[in-house]
Amino acid sequence: MTTLPLEGIKILDLSRVLAGPLASMILGDLGADVVKIERPGTGDDTRGWGPPFDERGESAYYLSVNRNKLSVAADLARAADRALLAALIAEADVVLENFRPGTLERYGLGVREMLAAHPRLLWCTITGFGLASARPGYDFVVQAESGWMAITGEPAGAPMKVGVALADVLAGKDAAIQILAALAGGRRGARHLSVSLLHSATAALVNVAQNALVTGREAQRWGNAHPNLVPYQCFDAADRPMVIAVGNDAQWLGCARALGLDAL
């Protein structure tokens, strides 16, 4: 039987919707024991995000980021449930949450208090716009403010979001990376880790952002074309669209021969 690298690591997931649950699912896939806390009655918001729903009534959205977890219902307003959460925090290696600032503090479960009480604990907070902001983080808003929508879509078309909530996905993966690094490093350094959707989204602009910094010009929409490589785009053939992606001159020679375009 294969031993997974995070077996024996306990994750308490207080997050909901996408970025946080994706991060804890990654850790669960790697062998960690993940306990997911949900609101009594309604559970995670995404339980109701459908259709589609499977034959048990589970939404596809919820299922996509919540495998390999044990769900527990707990209400912060109830003293008994707060005591349960405090006990679970005491046993955890990592707490993951995306509450707005001050929420957990009002119930005596704030990050400073918990880290002081449990010297081996790691705590990861996922926000929309950084620890200093109380704005709720929604992927669509972040895609707009980070500049993604300005570079996505046809050149003469309207701003367009990516078809997946990619800012959430990237933030979730960034959170998992931070947690893995902290565990691998023996919990050296900061124990309060933080990731924001906005920072993950702007970091993911990579070469597009660097192009703008180098040229001093705003990035633009290229549709299915590429600002640095040609041909690297979609062409309308006689029967259907065709993608050609050429990364260097040697590949172009091979591409031209394969297409019978020896003159090029």
Side-chain angles (χ1 to χ4, degrees), residues 2 4-6 18-19 22-23 25-27 29-30 64-65 126 128-130 137-185 193-264:
T2 303
L4 295 172
L6 293 186
L18 181 51
L22 176 67
M25 184 179 73
I26 292 170
L27 300 174
D29 289 348
L30 293 171
S64 71
V65 289
I126 298 179
F129 300 91
Y138 285 100
D139 177 272
F140 192 22
V141 175
V142 171
Q143 288 202 33
E145 294 194 15
S146 65
W148 284 14
M149 291 180 66
I151 61 171
T152 304
E154 292 300 324
M160 188 69 63
K161 71 179 182 68
V162 180
V164 173
L166 201 52
D168 270 299
V169 171
L170 289 168
K173 288 183 176 290
D174 286 346
I177 290 169
Q178 279 211 43
I179 291 167
L180 290 171
L183 290 172
L193 315 173
S194 68
V195 173
S196 80
L197 272 64
L198 182 64
H199 294 155
S200 291
T202 52
L205 289 169
V206 287
N207 60 296
V208 173
Q210 195 66 48
N211 288 349
L213 291 172
V214 168
T215 64
R217 296 192 298 271
E218 291 285 345
Q220 58 183 302
R221 287 188 290 279
W222 286 83
N224 285 315
H226 196 288
N228 306 109
L229 299 173
V230 177
Y232 198 97
Q233 62 206 87
C234 187
F235 294 90
D236 288 323
D239 58 344
R240 71 192 72 178
M242 176 176 63
V243 165
I244 296 178
V246 173
N248 56 53
D249 289 345
Q251 287 181 0
W252 165 242
L253 293 175
C255 178
R257 294 191 189 102
L259 295 174
L261 300 176
D262 293 346
L264 297 181

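Residue pairs meeting the ring pair (Phe, Tyr, Trp, His ring centres under 6.0 Å) criterion with at least one member in residues 224-247, sequence neighbours excluded: H226-Y232. A side chain to side chain donor-acceptor pair (under 3.5 Å) check over residues 248-263, counting only residues at least two apart or in different chains, returns nothing. Sorted by first and then second residue, the side chain to side chain donor-acceptor pair (under 3.5 Å) pairs involving residues 169-182 (not counting sequence neighbours) are D174-S200. Every pair tested for side chain to side chain donor-acceptor pair (under 3.5 Å) that includes a residue from residues 148-159 fails, sequence neighbours excluded, so the list is empty.
Residues that satisfy the side chain to side chain donor-acceptor pair (under 3.5 Å) test with N211, not counting sequence neighbours, are N228. Remark: E218 pairs with no residue by the side-chain contact (heavy atoms from CB on, under 4.5 Å) rule, at least two apart or across chains. In terms of the side-chain contact (heavy atoms from CB on, under 4.5 Å) criterion, residue partners of L180 (sequence neighbours excluded) are, by chain and number, L6, L27, L30. Take V230 and apply the side-chain contact (heavy atoms from CB on, under 4.5 Å) test, not counting sequence neighbours, and it matches Q233. Listed by chain and residue number, Q143 satisfy the side chain to side chain donor-acceptor pair (under 3.5 Å) test with D139 (two or more places apart in sequence, or in another chain). With sequence neighbours left out, S196 forms a side chain to side chain donor-acceptor pair (under 3.5 Å) with H199. Partners of E145 by side chain to side chain donor-acceptor pair (under 3.5 Å), not counting sequence neighbours, listed by chain and number: R135. Looking at residues two or more places apart in sequence or on another chain, you find a side-chain contact (heavy atoms from CB on, under 4.5 Å) between P241 and C234, D236.
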